[in-house]
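Only a predicted model underlies this, so the values are computations on that prediction, with no experimental measurement involved. Order of the sequence lines sets the chain letters (A, B, ...), proteins ahead of strands, with each chain counted from 1. Basis for what follows: all heavy atoms, side chains included, without hydrogens, waters or symmetry-related copies.
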Amino acid sequence: MSSVSVKNIVKTYGEVRAVDDVSFEVQKGELFGLIGPDGAGKTSLFRILTTLLLADSGTATVKGLDVVKDYRAIRNKVGYMPGRFSLYQDLTIEENLTFFATVFGTTIAENYDLIKDIYEQIRPFNNRRAGKLSGGMKQKLALCCALIHKPEVLFLDEPTTGVDVVSRKEFWEMLGQLKKQGITMVVSTPYMDEATLCDRIALIQSGKILSIDTPDAIIQNFPKPLFAAKSNHIYELLKDLRKEPGVENCYAFGEYLHLTLRSPEADAMSVMKMAGRHSGEGFEVKMVTPTIEDCFIRLMEKI
Amino acid sequence: MKAIICKGLTKQFGDFKAVDSISFDVEQGEIFGFLGANGAGKTTAMRILCGLSYPTAGEATVAGFDVYRQQEKIKKNIGYMSQKFSLYDNLTLLENIEFYGGVYGVSRADIRTRSRELVSTLGLEKEAGKLVAGLPLGWKQKLAFSVAIFHRPRIVFLDEPTGGVDPVTRRQFWDMIYEAAAAGITVFVTTHYMDEAEYCNRISVMVDGRVEALDTPARLKQQFSTDSMDEVFYQLARGAKRSAD
């Protein structure tokens, strides 16, 4: 049985189809990622799955329980860390944690093992009010509060948005630890580089799923060779290559430009010829393995 | 003339040095990436450079104006845009443009011609009379950037302009940044996307109130013996003692 099952869910707000016929399954113990920009429909999906919002049509179950009929039972089985910090700002770390434990009819002591590693990082500040905590500490407290009743499925809505690289890395390490304890997790993020840290991912844009698979399989399905090129005048190179009829798509990608060519036989030499006036100007071209971001761009542009 | 000059710029709150003696220059027309961990002091430094807050020590000029004595002149000569606040949702596109143009003292005639140009460059003719609230985020951010440089400032400050934006729009946004820089506008930008750090001419990395590194992306990678900006940032920021929003 799947831990989470979503079938043909639709949610509209006025004329906007926020979630447009979305279906997916999450297996027990899986770390499943919803990868997409703001406005993709990620938060609506989370709210539907945590029984906080009703879909217009379609069905969804969590642990075999229906999100509409069995909403009370689901609430005991899931943990939810919303995108916006939503703990009590006026309560201390300890008070917040005790509060959430009590609401779920448990105690901090009872499930201490689960939160131990995370909680001990913020415990020295136990008497500090949540409103006075740093971003990284708030995030850790929110995760502890979402875990305190030992949920079977944990929903994390953009836990790393606006957080710097160091804290993002730490957070994903924490998720890795939780996965070892058998918790099923659904996590959303706009950062494409975090996709590879998930077991399986759904790429989502404007309420529609573009692709669902393991990150490796999505990358392997990239249909054409991908080239990376650079020169000393990278913006000029970008403009020049975009004018070339043989170039299918070309965009900036960090230090390099990434491009695909129309002809399937084209190789790095063809790119070099197209780059023409850039040769000798620090020009370099090589074939590269696509990243999830390359795949997302390609799926978005429906080439 | 340099767009920005900072010498020992400091902002102290009680005994806490939010910005701790930072020094750097930004050239006219340069794309300057201003990076740092959460709580490193970027926002405080940016507020000083935008003429919104006084330093407690050190010197700085922005577009040639002094951050202590000429705050109002600074404000007239810069543009500002952030992810969090950019446009008024309950005004139409054209009303937003008119409002910002008016605040910055652009003449009525100029507002009229330039806004027509702007709307057509962005391909938003059909949406011009609609409320901004209904626009997709990516379009809003592109429009917000255009509005921020509508009065043709010397420098534009962009505070995480592409947060949460899809990868295609994020790149279109950077095309606009390149164009602005090519037209001579200095771009001072913060971001959490390390690939965007690569699009900057030079970047600085702040850690605990200080500028710990400043160079071109290529030279920084060389200095830290790595091929990714992510790793450069990680090596610099992991030792940070401060963290905040």
Side-chain angles (χ1 to χ4, degrees), chain A residues 14-16 35-40 42 83 85 132-139 158 160-170 189-193 204-206 230 232 234-236 238-239 242 249-258 282 291-301, chain B residues 31 35-40 42 83-84 134-138 140-141 160 162-175 177-179 181-182 191-199 205 207 216-218 221 227-240 242-245:
Chain A
E15 285 172 21
V16 181
I35 316 289
D38 287 2
K42 306 187 298 287
F85 184 71
K132 298 278 179 207
L133 296 174
S134 73
M137 284 178 12
K138 276 183 184 162
Q139 194 192 35
E158 298 205 14
T160 55
T161 290
V163 172
D164 69 61
V165 178
V166 178
S167 313
R168 276 169 57 191
K169 238 182 193 168
E170 273 181 16
T189 177
Y191 296 108
M192 306 277 150
D193 57 339
I204 180 166
Q205 159 86 2
S206 307
K230 68 171 176 179
N232 295 340
I234 192 119
Y235 191 52
E236 279 68 43
L238 176 69
K239 286 193 282 190
R242 276 185 182 159
N249 196 16
C250 181
Y251 46 87
F253 204 97
E255 186 187 358
Y256 289 86
L257 306 176
H258 278 185
T291 65
I292 292 294
E293 187 152 352
D294 291 299
C295 300
F296 199 100
I297 291 172
R298 190 165 184 97
L299 288 163
M300 259 185 84
E301 298 196 326
Chain B
I31 303 175
L35 312 187
N38 297 119
K42 298 190 302 278
Q83 178 204 356
K84 290 185 187 100
L135 277 186
L137 176 79
K140 254 191 219 175
Q141 295 303 80
E160 285 181 40
T162 56
V165 173
D166 73 70
V168 173
T169 311
R170 213 148 65 74
R171 285 167 172 82
Q172 291 168 351
F173 194 90
W174 272 89
D175 280 347
I177 291 182
Y178 276 120
E179 267 168 43
T191 179
H192 279 305
Y193 293 100
M194 286 302 132
D195 61 323
E196 294 188 347
E198 299 269 10
Y199 307 152
V205 181
V207 181
T216 64
K221 283 184 286 183
D227 57 3
S228 85
M229 273 314 299
D230 231 81
E231 183 58 28
V232 170
F233 188 89
Y234 189 72
Q235 284 190 32
L236 281 163
R238 77 180 155 194
R242 297 189 341 209
S243 67
D245 265 321

- Item | Donor-acceptor contact present, side-chain B:Tyr234 to main-chain A:Lys169, <3.5 Å | no
- Query: Checking A:Glu158 against chain B: side chain, backbone, both or neither under 4.5 Å from a heavy atom?
  - Reply: neither
- Message: Given heavy-atom pairs under 4.5 angstrom as the criterion, report whether the side chain, backbone, both or neither of A:Phe253 touches chain B.
- Response: both
- Item | Pair B:Asp175 + A:Arg242, salt bridge at N-O below 4.0 Å | yes
- Message: Taking the basic N atoms (NZ, or NE/NH1/NH2) and the acidic carboxylate oxygens, is any pair closer than 4.0 Å for A:Lys230 and B:Glu198?
- Response: no
- Check the angle between the aromatic planes of B:Tyr178 and A:Tyr235 and answer parallel, tilted or perpendicular using the 30° and 60° thresholds. parallel
Drop me the distance from [X]'s [atom1] to [Y]'s [atom2], to the nearest 0.5 angstrom.
X	Y	atom1	atom2	value
A:Thr160	B:His192	OG1	NE2	10.5 Å
A:His258	B:Arg171	NE2	CZ	8.5 Å
B:Asp166	A:Met192	CG	CE	7.5 Å
A:Asp193	B:Asp230	CG	CG	6.5 Å

- Item | Region of B:Met194 in contact with chain A, defined by heavy-atom distances below 4.5 Å | side chain
Nearest heavy-atom neighbours spanning [X] and [Y]:
X	Y	value
B:Pro167	A:Phe296	CG-CD2, 3.5 Å
B:Val165	A:Pro37	C-CB, 3.8 Å
B:Asp227	A:Glu255	O-OE1, 4.5 Å
B:Gly164	A:Pro190	CA-CB, 4.3 Å

